[in-house]
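As structure tokens, the structure follows; a few thoughts come after it.
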Amino acid sequence: MFRRFATVARTSTLAAALALGVTALPASAATATAPATAPAQPASPARTTADHGPAHAVTEHLRGKARTAMKTGTATEPRVGVKRRAGDWAFGTAVLATAPGSPELPQGWLFVAHREDGAWKVALEGEPGFTGLASDAEPVLKTAERRALATTGAAGSTSPGATGATEGGMTAQLAGGDYRTGMALPFTVGQTWYMTSGPHGWSGSGTPWSSLDFAGGDQVVRAARGGTAYTMCKGWVRVVHDRGYATDYYHLVSNINVDGAAVAAGAYLGYTGNDVTCGGSSTGRHVHFALRQNGAYVGIAGHDFGRWRPENGGSAYAGSALHGSRRVAAGGQLYNYGALGFNQGIIDTNGSGTTLNKRSGPGTGYAVVGSVADGVGVTVSCSRNGTTHTGRFGSTALWNRLSDGTWVSDAYMWTGVNGPVNGYC
């Protein structure tokens, strides 16, 4: 069973240098705010009317994006990094930087651009047209990249079964009832770090509450799951995973500088820090860790990281994380147990005891043949309906057959899925 849905180490202003490793822009862009009449996000890739090059086309697209991307009218500076170009194709990073000390963090996307009839068509992650262009961009994207980017979909659309819903007073993008990530926490497995802030927005209290803050241990930030890594800006790394997910890591120091490099789970990304080269603020060294799906930030609560599931609190930066029945509030310490497998679950006795009975069949009419402790990870072979029980997230008749042949009620197990994780017996 599962359900989703919450200080930041707050940030000191660093007067960091701007635009490292990206295409130089006209000086007028440095202080420009989004015009009140900025065009809405297009329903298809934006198209320029003249060929001034892909950097110019993406910059103009970002200026049109600024109004919808920034929620408080924060001044932005488009920074375009054309990482690869081959003939009529280009690929890279597109960032709306904010000033160091700004209340809003930068916004950033990968882009694909294609020139047709002398004009460049541009699409950013999450926009209609991005997956199509990414699928066709063989001259500038490796096979693995095309495969990963083509599955990200567009924000608000089709990860299989994706829907929109309101939870805890906020609108969230849902993954069709499946919140399995296969991710660890963003530091070394076996270490214990502070969750200095519970679920909050990428830029603060705004929704969706996509982000957590971590500090402690050896301060080495690592990839929560394997994927393809991109340096969005100095101090900011994005890793694109499978199943439409991506994770962002901000405020890093000594971070890797990569353009589509394959990284394994646990790969070094950088150290915790306070870097705000691309904008925003930070106090106390930490990593700002955020979850994206289908090209947009999504609520992080209810997903699994290192066998913990964050839960929202009454306000941004509050909240907690659950490992079985053990709850740790924001500011507390989390041990990184490593990733939970897609056919695994965590025993959650819902505070009713320290162990759960294992049965010889799918119901309480079957003999007790052992027990399993709260918080233990178990592997599910298959599932079947039996007697109904009520756990943390409601009532269910589903029982799970474990890899040792015993059975436990799904009411006392978190899997990230409402239903079987490995088929019916």
Side-chain angles (χ1 to χ4, degrees), residues 16-26 29 45-48 51-63 65 69 76-97 106-116 119-127 129-152 223 226-241 246-250 252 254-263 267-270 275 277-279 292 295:
L18 301 179
L20 293 181
V22 297
T23 301
L25 300 174
R47 185 183 179 99
T48 62
D51 184 5
H52 299 292
H56 175 83
V58 178
T59 299
E60 292 304 307
H61 192 64
L62 281 176
R63 287 174 175 151
K65 185 87 170 175
T76 61
E77 176 197 356
R79 300 188 192 174
V80 178
V82 178
K83 305 299 184 182
R84 304 170 219 165
R85 180 174 176 181
D88 293 328
W89 289 91
F91 171 78
T93 55
V95 172
L96 282 172
Q107 297 286 335
W109 304 264
L110 301 175
F111 76 82
V112 178
H114 184 222
R115 181 171 54 189
E116 295 181 6
W120 286 92
K121 296 167 62 175
V122 175
L124 310 181
E125 285 178 282
E127 291 182 343
F130 178 79
T131 56
L133 282 181
S135 297
D136 295 336
E138 185 174 356
V140 290
L141 290 177
K142 293 170 284 190
T143 300
E145 288 180 295
R146 294 202 312 277
R147 185 182 303 116
L149 296 177
T151 61
T152 59
T228 307
Y230 303 88
T231 301
M232 304 299 295
C233 181
K234 184 177 179 291
W236 180 8
V237 175
R238 175 169 298 166
V239 181
V240 177
H241 310 285
T247 47
D248 275 11
Y249 311 76
Y250 194 42
L252 304 181
S254 300
N255 60 279
I256 60 174
N257 188 8
V258 287
D259 169 29
V263 295
Y268 170 89
L269 301 179
D275 190 279
T277 299
C278 264
R292 295 170 63 87

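In this chain, numbering begins with 1 at the start of the sequence shown.
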Contact summary for [X] and [Y], nearest pair of heavy atoms:
X	Y	answer
A123	F130	O-CD1, 3.4 Å
D136	P139	O-CD, 4.0 Å
A229	V263	CB-CG1, 3.8 Å
A134	L149	CB-CB, 4.0 Å
P106	A97	CB-CA, 4.1 Å
R146	A137	CD-C, 3.9 Å

Practice task
Say whether, by atom type as modelled, one donor and one acceptor occur between the side chain of D248 and the main chain of R238 under 3.5 angstrom.
Solution key: no
Handout entry: Side-chain donor/acceptor of K142 to backbone N/O of G260, under 3.5 Å
Key = yes
Exercise for the section: Run the numbers on R84 and L141 for side-chain contact (heavy atoms from CB on, under 4.5 Å), then give the verdict. Expected result: CA-CA 8 Å; R84 304 170 219 165; L141 290 177; 3.8 Å; yes
Spatial distance of atom [atom1] ([X]) from atom [atom2] ([Y]) [nearest 0.5 Å]:
X	Y	atom1	atom2	answer
E77	R63	CD	CZ	10.0 Å
L252	D275	CG	CG	8.0 Å
Y250	T277	OH	OG1	6.5 Å
N257	C233	CG	SG	10.5 Å
E138	T143	CD	OG1	6.5 Å

Practice task
Could you check T59, V122, V95 and say which one makes a side-chain contact (heavy atoms from CB on, under 4.5 Å) with V80?
Solution key: T59
Any side-chain heavy-atom pair from [X] and [Y] closer than 4.5 angstrom?
X	Y	value
F111	E127	no
Y230	D259	yes
C278	M232	no
K65	Q107	no
L133	F91	no
L62	T76	no

Problem - W109/L96 under side-chain contact (heavy atoms from CB on, under 4.5 Å): CA gap, chis, key distance, verdict - result: CA-CA 9 Å; W109 304 264; L96 282 172; 3.9 Å; yes
Practice task
Show your reasoning for whether side-chain contact (heavy atoms from CB on, under 4.5 Å) applies to T93 and K83.
Solution key: CA-CA 7 Å; T93 55; K83 305 299 184 182; 3.6 Å; yes
Practice task
Measure the acute angle between the ring planes of H114 and W89, then classify it against the limits of 30° and 60° as parallel, tilted or perpendicular.
Solution key: parallel
Practice task
Mind running side-chain contact (heavy atoms from CB on, under 4.5 Å) on L110 and V240 for me, showing each step along the way?
Solution key: CA-CA 10 Å; L110 301 175; V240 177; 4.3 Å; yes
